[in-house]
Amino acid sequence: MKPEIILIGGGGHCKSVIDVIERENRYQIAGIIDKKELIGQKVLNYTIIGSDDELGRLISKYTYAFVTVGQIKTPDIRIKLFNKLKEIGYTVPTIISPLAYVSRYSFIGEGTVIMHHALVNANGRVGKNCIINTKALIEHDSVVEDNCHISTGAIVNGGAQVKAHTFYGSNSTSKEYIEINGFVKAGSVSK
């Protein structure tokens with residue numbers, strides 16, 4: 001029997017992560033944690049079973065938890081939730097779509113999700129609590145530090161370094177061996 005996992009945050013990003021978890025087939029989703037007033041509602045086929053206040057109690061029933069709140073303007077909520085899960089004692093796994101390509105010579109940190117059709121090439125390093133979104137490319141020797149969101153179709157070219165807490169917008173492209181930091185809007189070219 002697959003271990004159960006609870007998902008923290010029931011918005012749009014949660015739906016995408018559900019799809020990856022189902023496809024990966026390593027965990028059984030036990031339910032979703034969201035706002036109190038949403039308890040009992042469903043996200044796709046999964047029920048909202050509690051709120052953040054109940055995470056301390058739920059650790060007795062569930063070992064695994066995963067942050068499914070998205071990140072656009074700021075990673076603050078994701079960081080707070082990730083740290084809370086770790087303090088309580090949850091195991092926060094790495095979730096990798098079987099439709100993604102992740103080199104065996106790369107490193108992916110805990111709490112990071114690699115979405116469908118993303119690529120992480122040889123010697124690419126991705127920190128903890130990151131979103132590597134659909135069709136993103138992390139090229140050889142590049143580093144994505146903790147708490148970053150590399151958005152849909154974005155390209156981080158070889159040797160580039162994405163600093164912690166960065167949002168790198170959809171279809172952005174970087175030059176090789178540069179530093180990327182902060183909020184990078186969709187379609188940008190970083191030189």
Side-chain angles (χ1 to χ4, degrees), residues 2-35 38-39 41-52 55 62 64-82 84-85 90-102 106 108-120 124 126-138 144-156 162 165-173 183-187:
K2 293 181 285 193
E4 291 187 305
I5 191 168
I6 55 174
L7 307 181
I8 318 304
H13 180 61
C14 179
K15 293 172 186 168
S16 295
V17 174
I18 285 170
D19 196 57
V20 172
I21 291 172
E22 287 181 347
R23 182 65 75 130
E24 188 183 35
N25 202 27
R26 277 194 313 151
Y27 300 98
Q28 175 62 46
I29 299 168
I32 296 164
I33 303 302
D34 209 310
K35 297 180 182 132
L38 300 176
I39 293 173
Q41 293 184 22
K42 287 200 178 267
V43 178
L44 300 181
N45 295 323
Y46 302 98
T47 303
I48 297 172
I49 59 170
S51 67
D52 295 0
L55 286 170
Y62 306 109
Y64 296 92
F66 198 81
V67 178
T68 51
V69 171
Q71 171 185 336
I72 297 179
K73 290 193 164 69
T74 171
D76 293 350
I77 294 170
R78 286 182 55 82
I79 293 168
K80 181 180 163 199
L81 290 169
F82 179 84
K84 184 173 186 173
L85 293 175
Y90 284 98
T91 299
V92 184
T94 299
I95 304 289
I96 300 174
S97 168
L99 301 176
Y101 175 76
V102 176
S106 65
I108 311 295
E110 71 177 328
T112 287
V113 62
I114 310 291
M115 305 298 278
H116 298 318
H117 302 288
L119 293 103
V120 181
V126 179
K128 65 185 178 189
N129 198 32
C130 291
I131 301 167
I132 307 302
N133 220 320
T134 307
K135 294 191 174 183
L137 168 62
I138 310 302
V144 177
E145 294 182 357
D146 297 344
N147 310 305
C148 290
H149 180 176
I150 308 302
S151 202
T152 52
I155 297 171
V156 177
V162 181
H165 317 305
T166 292
F167 173 84
Y168 194 61
S170 294
N171 294 317
S172 295
T173 303
F183 182 90
V184 178
K185 69 181 185 173

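Nothing fancy with the numbering, it's 1 onward along the sequence. Atom set for the values below is all heavy atoms of this structure, side chains included, hydrogens, waters and symmetry mates excluded.
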Colleague: Enter the distance from Asp19:CG to His116:NE2 here, rounded to the nearest 0.5 Å.
Modeller: 3.5 Å
Colleague: Answer whether the closest heavy-atom distance between the side chains of Val43 and Thr68 falls below 4.5 Å.
Modeller: no
Colleague: Any idea which heavy atoms bring Val92 and Glu110 closest together, and the distance?
Modeller: O-CB, 3.5 Å
Colleague: Working to the nearest 0.5 Å, report the span between OG1 of Thr166 and CD of Glu145.
Modeller: 8.0 Å
Colleague: Mind listing the closest non-hydrogen atom pair of Ser170 and Ser151 along with its distance?
Modeller: OG-OG, 3.1 Å
Colleague: Check whether any side-chain heavy atom of Arg26 lies under 4.5 Å from a side-chain heavy atom of Ile95, and answer yes or no.
Modeller: yes
Colleague: If I compare all heavy atoms of Ile114 with all of Ala100, which pair ends up nearest, and what's the gap?
Modeller: CG2-CB, 3.7 Å
Colleague: With rounding to the nearest 0.5 angstrom, report the CD1 to CD distance, Ile79 to Gln71.
Modeller: 7.0 Å
Colleague: Which heavy atom of Gly127 sits nearest a heavy atom of Asp146, and at what distance?
Modeller: CA-OD1, 3.3 Å
Colleague: With distance as the sole test, does Glu24 use its side chain to make a donor-acceptor pair with the main-chain N or O of Ile96 at under 3.5 Å?
Modeller: yes
Colleague: Of all the heavy-atom pairs spanning Ile39 and Ser51, show the shortest one and how long it is.
Modeller: CD1-N, 4.1 Å
Colleague: Would you call Val156 and Tyr168 a side-chain contact if the rule is heavy atoms closer than 4.5 Å?
Modeller: yes
Colleague: Hey, does Val69 have a side-chain heavy atom less than 4.5 Å from the side chain of His13?
Modeller: no
Colleague: More than 12 non-hydrogen atoms from neighbouring residues, nucleotides or ligands closer than 6.0 Å to CG on Leu38, yes or no?
Modeller: yes
Colleague: Compare every heavy atom of Val144 with every heavy atom of Cys130, then report the nearest pair and how far apart it is.
Modeller: SG-CG1, 4.2 Å
Colleague: Tell me, do Phe66 and Val113 make a side-chain contact under 4.5 Å, heavy atoms counted?
Modeller: yes
Colleague: Distance from Leu85 atom CG to Ile6 atom CD1, nearest 0.5 Å?
Modeller: 7.0 Å
Colleague: Got a donor-acceptor contact below 3.5 angstrom from the Thr112 side chain to the Asn129 backbone?
Modeller: yes
Colleague: May I ask you to test the Ile18-Ile32 pair for a side-chain heavy-atom distance under 4.5 Å?
Modeller: yes
Colleague: side-chain contact (heavy atoms from CB on, under 4.5 Å) with Phe167: which of Thr74, Ile72, Val162?
Modeller: Ile72
Colleague: The criterion is ring pair (Phe, Tyr, Trp, His ring centres under 6.0 Å); which residues satisfy it with Tyr64, sequence neighbours excluded?
Modeller: Tyr27
Colleague: Can you find a heavy atom in the side chain of Ser97 that is under 4.5 Å from one in the side chain of Met115?
Modeller: no
Colleague: Under 3.5 Å, is there a donor-acceptor pair between the side chain of Arg78 and the main chain of Asn147?
Modeller: no
Colleague: Output all residues satisfying side chain to side chain contact (heavy atoms under 4.5 Å, CB included) with Lys185, sequence neighbours left out; order by chain, then residue number.
Modeller: Phe183, Ser188
Colleague: Looking at Lys73, I want to see if its NZ is surrounded by more than 12 non-hydrogen atoms of other residues, nucleotides or ligands under 6.0 Å.
Modeller: no
Colleague: Output, in order, the C-alpha distance, side-chain angles, deciding distance and verdict of side-chain contact (heavy atoms from CB on, under 4.5 Å) for Leu7 and Ile21.
Modeller: CA-CA 10 Å; Leu7 307 181; Ile21 291 172; 3.6 Å; yes
Colleague: Counting only heavy atoms from other residues, nucleotides and ligands, does the tally under 6.0 Å from NZ of Lys135 exceed 12?
Modeller: no
Colleague: About how many Å separate NZ of Lys2 and CD1 of Ile29, when rounded to the nearest 0.5 Å?
Modeller: 9.0 Å
Colleague: Taking the side chain as every heavy atom from C-beta outward, state whether Thr134 and Ser16 have any atom pair closer than 4.5 Å.
Modeller: no
Colleague: Can you tell me how far CD of Gln41 sits from CD1 of Ile49, rounded to the nearest 0.5 angstrom?
Modeller: 14.5 Å
